Amino acid sequence: IVSWNSLLSTLVSNGKYPESLLLFEKMGREGIDLDEVTVVNLLQMCKYSADPIQCKSVHGHVLRRAMESNPLVLNSLLDVYARCNVIDSAWSLFSGLERKDVVSWSTMLVGFTNCGRPDEALVLYRSMVEAEVIPNAVTILNLINACSLLSEQKSKWAHGIAIRKSFAEEVSVGTAILDMYAKCGLIESAKKAFNQIRDKNIISWSAMITAYGMNGLTHDALALHAQLKLHGPKPN
RNA sequence: CUCUAGAAA
């Protein structure tokens, strides 16, 4: 089963969607028992093909095999529902969870944001705090993204949270903050956020460069690009 | 030896 799973996993991560489906059917024919790893791999493939029907059928397997206790399975399922235009299914699954971890909450947060309901993402964040779940860098990142769609006020509020939890100098969070300000046209704030990032990577640099570009500061964009070539990080 | 959420373009 482990070798089947690892084969399936490589197919899925290379985007070989039809091939993985074939492999899956073959597993069925050979009488291989699906375990939770198989299911998670299948869900990954559903999410790249954004296929709610497939997703339902995998959900069926989950129920049939009593895998509802595996958080990895549930969280992947949640994620797939959340991005297959069936946010409501995601929500009802989420509400039914007895044990929600940071990943469940964060997944739900992105779900709302991607569905164009960032206000509900904020409401969700508040419930998360009430539930005393500790947010991590990913959570904050998603919160920032939600706020960047709302208002400048909310954005600053989210930035404040990032600072209070000392996530502001984390690369990924810092880059999100930078980008958020860039989209509001607050180029100075974006620049400050950029400078506060500890270990800038390619993504932070290119975010800053396009930030200048978006605000018509072509000269600064080019200057930064030159600096990047001098002492910027290597692509990774 | 296999599995879940996250940032720029």
Side-chain angles (χ1 to χ4, degrees), chain A residues 1-13 20 23-24 27 32-48 55 58 62 67 69-83 90 93-94 97 99-114 121 124-125 128 133 135-148 158-159 162 167-183 190 193-194 197 199-214 221 224-225 228 232-233 235-236:
Chain A
I1 180 73
V2 169
S3 31
W4 288 91
N5 282 341
S6 65
L7 187 52
L8 187 57
S9 143
T10 38
L11 286 180
V12 171
S13 47
S20 22
L23 182 68
F24 170 57
M27 287 174 78
I32 311 280
D33 271 334
L34 308 182
D35 66 0
E36 31 282 284
V37 179
T38 321
V39 166
V40 172
N41 282 141
L42 286 175
L43 286 169
Q44 287 300 101
M45 131 187 141
C46 297
K47 113 178 186 195
Y48 289 121
C55 180
V58 179
V62 172
M67 291 173 176
S69 49
N70 185 319
L72 267 69
V73 170
L74 288 171
N75 288 337
S76 316
L77 196 54
L78 197 60
D79 184 37
V80 178
Y81 276 138
R83 41 179 102 212
L93 180 63
F94 178 79
L97 291 186
R99 260 185 48 94
K100 310 177 179 65
D101 62 8
V102 220
V103 178
S104 330
W105 286 94
S106 310
T107 306
M108 204 59 223
L109 244 138
V110 204
F112 279 132
T113 309
N114 291 341
L124 190 71
Y125 177 76
M128 175 174 174
V133 176
N136 63 15
V138 178
T139 321
I140 300 299
L141 191 69
N142 296 148
L143 182 67
I144 289 170
N145 275 329
C147 290
S148 71
H159 188 182
F167 283 126
E169 42 178 61
E170 186 94 5
V171 241
S172 52
V173 177
T175 307
I177 296 173
L178 183 174
D179 184 55
M180 170 182 86
Y181 281 133
K183 287 177 177 147
F194 177 70
I197 301 175
D199 300 300
K200 304 178 186 57
N201 59 19
I202 291 289
I203 299 185
S204 349
W205 282 83
S206 64
M208 193 62 226
I209 293 172
T210 59
Y212 280 135
M214 284 188 316
L224 194 62
H225 185 86
L228 170 62
N236 43 357

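Just so it is clear, the structure is predicted and the values come from calculations on it, not from any experiment.
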From [atom1] of [X] over to [atom2] of [N], roughly how many Å is that when rounded to an integer?
X      : N    : atom1 : atom2 : value
A:Y48  : B:A5 : OH    : C1'   : 11 Å
A:I177 : B:G6 : CD1   : C1'   : 14 Å
A:W105 : B:A5 : CH2   : C1'   : 14 Å
A:L43  : B:U2 : CG    : P     : 19 Å
A:N5   : B:C3 : CG    : P     : 9 Å
A:W4   : B:C3 : CH2   : P     : 18 Å
A:Y181 : B:A7 : OH    : P     : 19 Å
A:M67  : B:U4 : CE    : P     : 15 Å

Would [X] and [Y] count as having a side-chain donor-acceptor pair, cut-off 3.5 Å?
X      : Y      : result
A:T38  : A:D35  : yes
A:T139 : A:N136 : yes
A:N145 : A:D179 : no
A:S104 : A:N75  : yes

Would you classify [X] as touching base, sugar-phosphate or nothing, given that sugar-phosphate means primed atoms plus P, OP1 and OP2, and contacts are heavy atoms under 4.0 Å?
X      : value
A:V2   : base
A:T107 : sugar-phosphate
A:S206 : base
A:N145 : sugar-phosphate
A:S76  : sugar-phosphate
A:S6   : sugar-phosphate

From [options], pick the nucleotide closest to the side chain of [X]?
X      : options          : answer
A:D79  : B:A7, B:A5, B:C3 : B:A5
A:K183 : B:A7, B:U2, B:A9 : B:A9
A:V40  : B:A7, B:C3, B:G6 : B:C3
A:L72  : B:G6, B:U4, B:A8 : B:U4

hbond_proxy [X] side chain to [N] base (donor-acceptor, 3.5 Å cutoff):
X      : N    : answer
A:N136 : B:A5 : yes
A:N142 : B:A7 : no
A:S106 : B:G6 : no

With a 4.0 Å cutoff (strictly under), does any side-chain N or O of A:K47 reach OP1 or OP2 of B:A5?
yes
At less than 4.0 Å, is any side-chain N or O atom of A:R83 found next to OP1 or OP2 of B:G6? Yes or no.
yes
What's the separation between atom SG in A:C147 and atom CG in A:L143, rounded to the nearest 0.5 Å?
4.5 Å
Is it the case that the ring center of A:W205 lies less than 6.0 angstrom away from the ring center of A:F194?
yes
